[in-house]
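Take a look at this one; I'll ask things after.
Quantities reported herein were computed from a predicted structural model and do not represent experimental measurements.
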Amino acid sequence: MRDTEYQLLDGLALADLLARREVGAEELMACAIKLARERAPALNALCYERYEESLDVARAWQPKGAFGAIPFLLKDSGLAHTRFPSSLGSRLLNDTPYARNATLADRFEDAGLIPFARTTVPEFCMAPTTEAARNGGPTRNPWDPTRSSGGSSGGAAAAVAAGIVPLAHGSDGGGSIRIPAAACGVYGLKVSRGRVPMGPFRGEGWGGLATDGVLSRSVRDTAAALDAIGGHEPGAPYAAPAGPASYLKALAEPPRKLRIALWRDAWNGIAVAPECVAAVERAAALCRELGHDVVDSAPPDIEYEAFVLAHANVLAGNIVLSVDTRLGLTGQPLRDGDLEPVLRQGYEYGKTLPAAHYIASVNRFHAIGRILDGYMQGYDAILTPSLTQLPLKLGELSTATGSFLDFRRKVATYGTFSAAFNASGQPAASLPLVWTGAGLPVGVQVVGRYGREDVVLALSSQLEAAQPWAGRIAVPGAA
């Protein structure tokens with residue numbers, strides 16, 4: 001198979017070629033590895049590469065699941081896999097091994113997705129830009145190397161946008177799938193709380209904010225992936241409402257008329273770039289052309305500043321847990337250089353955080369869920385900008401200097417439309433519908449009611465058909 005053909009096909013199209021025996025698993029893996037070697041270094045998007053070993057795995061692989069035998073990438077987020085250690089982008093946690101796979105890792109492989117490397121992340125996955133010191137430099141946006149690829153699934157988004165894989169693992173605890181999807185011009189769905197398993201090592205992440213999924217170049221690939229990885233895990237603390245028998249098959253059903261809220265403004269009067277407003281207005285116009293009812297609205301009051309502090313408190317507590325667990329295993333004290341300065345300050349802040357503040361923070365998440373659920377009773381979906389600005393220039397949100405709380409407040413003015421929907425547990429997706437004249441993607445977010453990924457995917461698929469983004473591949477270094 002030629003690289004030019006491989007990089008333009010989505011995962012299901014490649015799976016079809018496999019099923020018709022027009023291509024083999026080893027051949028697909030060889031294409032992915034060749035492109036990874038050519039493109040990933042300029043982007044700084046991959047780590048823990050297992051190229052030769054993965055070729056052997058593909059050679060012996062028996063096609064299975066929706067994707068048969070498609071090359072795949074796991075995020076360096078700590079998702080356990082015996083072939084791939086992890087670091088969470090931290091020098092302190094470097095090369096953490098795993099004795100067994102996470103439930104989700106097994107579900108990916110049962111779907112026919114063969115991992116061959118991990119993708120880069122910021123330290124502890126706690127930034128909307130991927131610039132971890134552990135990775136030796138920033139992960140660059142494939143459309144403009146002076147800009148961020150987003151975070152924390154920045155390496156995954158960059159690799160998908162560059163054609164290395166058609167889809168890749170991501171996770172989202174405050175926008176970490178949707179922010180890089182918006183920055184890199186790919187599709188990224190954050191599923192409802194409890195939709196995708198987090199076991200067997202934990203029941204929740206970040207006080208219920210975090211979930212896993214994929215970034216892809218087509219809506220149908222994401223729907224097929226959700227069919228494969230979704231579903232309750234015994235013993236899990238959350239269970240999302242039952243979905244359709246198949247999200248992929250549901251895309252073929254005639255769409256119904258939706259009532260959609262249009263948000264142009266952000267909480268607290270945070271400025272939104274004109275390009276981002278124009279993008280969501282374009283999406284609203286497309287929705288109207290598709291027969292939907294789009295209503296101008298405004299975000300309900302969720303006491304945004306208090307939410308930003310609650311989010312920071314939960315993150316700080318998780319930094320303490322990660323650091324103290326590692327120090328307890330090694331018997332070593334925390335040394336200068338083990339953590340990046342902002343994360344080190346977050347650790348120190350977390351050590352002073354009263355337990356009551358942590359509990360109050362989680363309770364605030366739950367309150368936001370009730371507020372947004374009440375708001376959604378009048379709507380099937382919400383349209384918002386994915387980001388308040390175009391993809392940031394590298395260094396604008398550095399973790400090299402400053403306090404942890406100041407950093408979190410800056411984050412909250414960029415990914416403003418993201419994290420509240422982690423608190424509420426609602427499904428939300430970023431779509432690459434609009435591009436600037438300079439060739440930068442401008443993401444638009446579609447949010448659904450809790451448990452209604454089917455609505456988010458159906459509307460996403462309609463918008464994808466109305467204004468296709470297929471065929472946009474970023475080649476690092478190309479003119």
Side-chain angles (χ1 to χ4, degrees), residues 122 126-131 138-154 157-158 161 170 172-188 190 215 262-284 298-299 304-305 307-308 311-312 342 382-402 406-422 428-447 469 472 474:
M126 289 188 184
T129 180
T130 301
E131 303 181 40
T139 299
R140 300 181 181 277
N141 191 308
W143 300 103
D144 180 347
T146 70
R147 294 181 184 267
S148 169
S149 63
S152 63
S153 306
D172 193 317
S176 287
I177 286 175
R178 291 159 289 154
I179 291 170
C184 292
V186 300
Y187 184 69
K190 179 198 81 69
L215 298 95
L262 170 61
W263 293 3
R264 294 181 178 86
D265 300 320
W267 282 288
N268 278 31
I270 292 168
V272 182
E275 296 93 340
C276 300
V277 174
V280 78
E281 288 176 341
R282 173 58 182 155
Y304 188 66
E305 289 182 9
F307 165 61
V308 171
H311 195 184
V342 166
I382 307 170
L383 275 179
T384 83
S386 294
L387 298 169
T388 62
Q389 303 293 325
L390 294 177
L392 293 177
K393 289 286 187 177
L394 292 168
E396 286 191 45
L397 269 176
S398 171
T399 55
T401 58
D406 284 346
F407 177 77
R408 293 309 311 173
R409 292 185 184 105
K410 291 176 184 176
V411 169
T413 66
Y414 179 54
T416 312
F417 294 102
S418 299
F421 300 112
N422 294 84
S430 180
L431 289 69
L433 287 176
V434 176
W435 299 71
T436 69
L440 282 175
V442 188
V444 172
Q445 181 175 231
V446 173
V447 183
W469 57 77
R472 287 186 180 267

### Message
Once rounded to the nearest 0.5 Å, what's the spacing between atom NZ of Lys393 and atom OG1 of Thr146?
### Response
3.0 Å
### Query
Within the side chain of Thr388, is there an N or O that forms a donor-acceptor pair under 3.5 Å with the backbone of Val272?
no
### Task
Answer whether the closest heavy-atom distance between the side chains of Ser148 and Pro391 falls below 4.5 Å.
no
### Task
Please check if the side chain of Asn422 supplies one atom and the backbone of Asp172 the other of a donor-acceptor pair under 3.5 Å.
yes
### Query
Are there more than 12 heavy atoms of other residues, nucleotides or ligands under 6.0 Å from atom CD of Glu396?
yes
### Heavy-atom closest contact (His311 atom, Gly174 atom, distance)
CE1-CA, 4.0 Å
### Task
Indicate yes or no for a side-chain donor-acceptor contact from Ser153 to the backbone of Gly170 under 3.5 Å, with no hydrogens or angles considered.
no
### Message
Can you classify the ring geometry of Trp469 versus Tyr187 as parallel (below 30°), tilted (30 to 60°) or perpendicular (above 60°)?
### Response
parallel
### Query
Who passes ring pair (Phe, Tyr, Trp, His ring centres under 6.0 Å) against Tyr304, sequence neighbours left out?
Trp267
### Task
Please tell me if the side chains of Ser152 and Pro128 come closer than 4.5 Å, counting only heavy atoms from C-beta onward.
no
### Message
Looking at Arg178 and Ser418, would you say the former's side chain and the latter's main chain have a donor-acceptor pair under 3.5 Å?
### Response
yes
## Note on the structure
Heavy atoms of Pro145 and Leu394 approach each other most closely as O-CD1, 3.4 Å
### Query
So, does Thr413 use its side chain to make a donor-acceptor pair with the main chain of Lys410 at under 3.5 Å?
yes
### Message
Before you tell me yes or no, could you show the steps for Thr139 and Thr130 under side chain to side chain donor-acceptor pair (under 3.5 Å), namely the whole-Å CA-CA distance, both residues' side-chain angles and the distance that decides it to 0.1 Å?
### Response
CA-CA 6 Å; Thr139 299; Thr130 301; 5.1 Å; no
### Query
How far apart are the C-alpha atoms of Trp435 and Arg472, what are their side-chain angles, what is the distance that settles it, and do they pass the side chain to side chain contact (heavy atoms under 4.5 Å, CB included) test?
CA-CA 11 Å; Trp435 299 71; Arg472 287 186 180 267; 3.1 Å; yes
### Message
Let me confirm one number: the OH-CG distance from Tyr414 to Leu392, rounded to the nearest 0.5 Å.
### Response
4.0 Å
### Message
If you apply the rule side chain to side chain contact (heavy atoms under 4.5 Å, CB included), what do you find for Ile382 with Trp263, and how did you get there?
### Response
CA-CA 7 Å; Ile382 307 170; Trp263 293 3; 3.6 Å; yes
### Query
Out of curiosity, Glu275 CD to Leu390 CG, how far, rounded to the nearest 0.5 Å?
4.5 Å
### Query
Under the salt bridge (charged side-chain N to carboxylate O under 4.0 Å, His left out) test, which residues partner Arg264, sequence neighbours left out?
Glu281, Asp296
### Message
For the CZ atom of Arg409 and the CD atom of Glu305, what is their distance to the nearest 0.5 Å?
### Response
8.5 Å
### Query
To the nearest 0.5 Å, how far apart are CD1 in Ile179 and OG in Ser149?
11.0 Å
#### Entry: Intermediate values then yes/no, side chain to side chain donor-acceptor pair (under 3.5 Å), Ser430 and Gln445
CA-CA 4 Å; Ser430 180; Gln445 181 175 231; over 6 Å; no
### Task
Report yes or no: does Asn141 contribute a side-chain atom to a donor-acceptor pair with the main-chain N or O of Ala158 at less than 3.5 Å?
no
### Summary
On a heavy-atom basis, the closest approach of Ala182 and Gly443 is CB-CA, 4.0 Å
## Note on the structure
Between the CG atom in Asp265 and the CD1 atom in Ile270, the distance rounded to the nearest 0.5 Å is 11.5 Å
### Query
Counting distance only, does the side-chain N/O of Trp143 pair as donor-acceptor with the main-chain N or O of Gly439 below 3.5 Å?
no
### Query
By side-chain contact (heavy atoms from CB on, under 4.5 Å), which residues pair with Thr399, not counting sequence neighbours?
Glu340, Val342, Leu343, Phe407
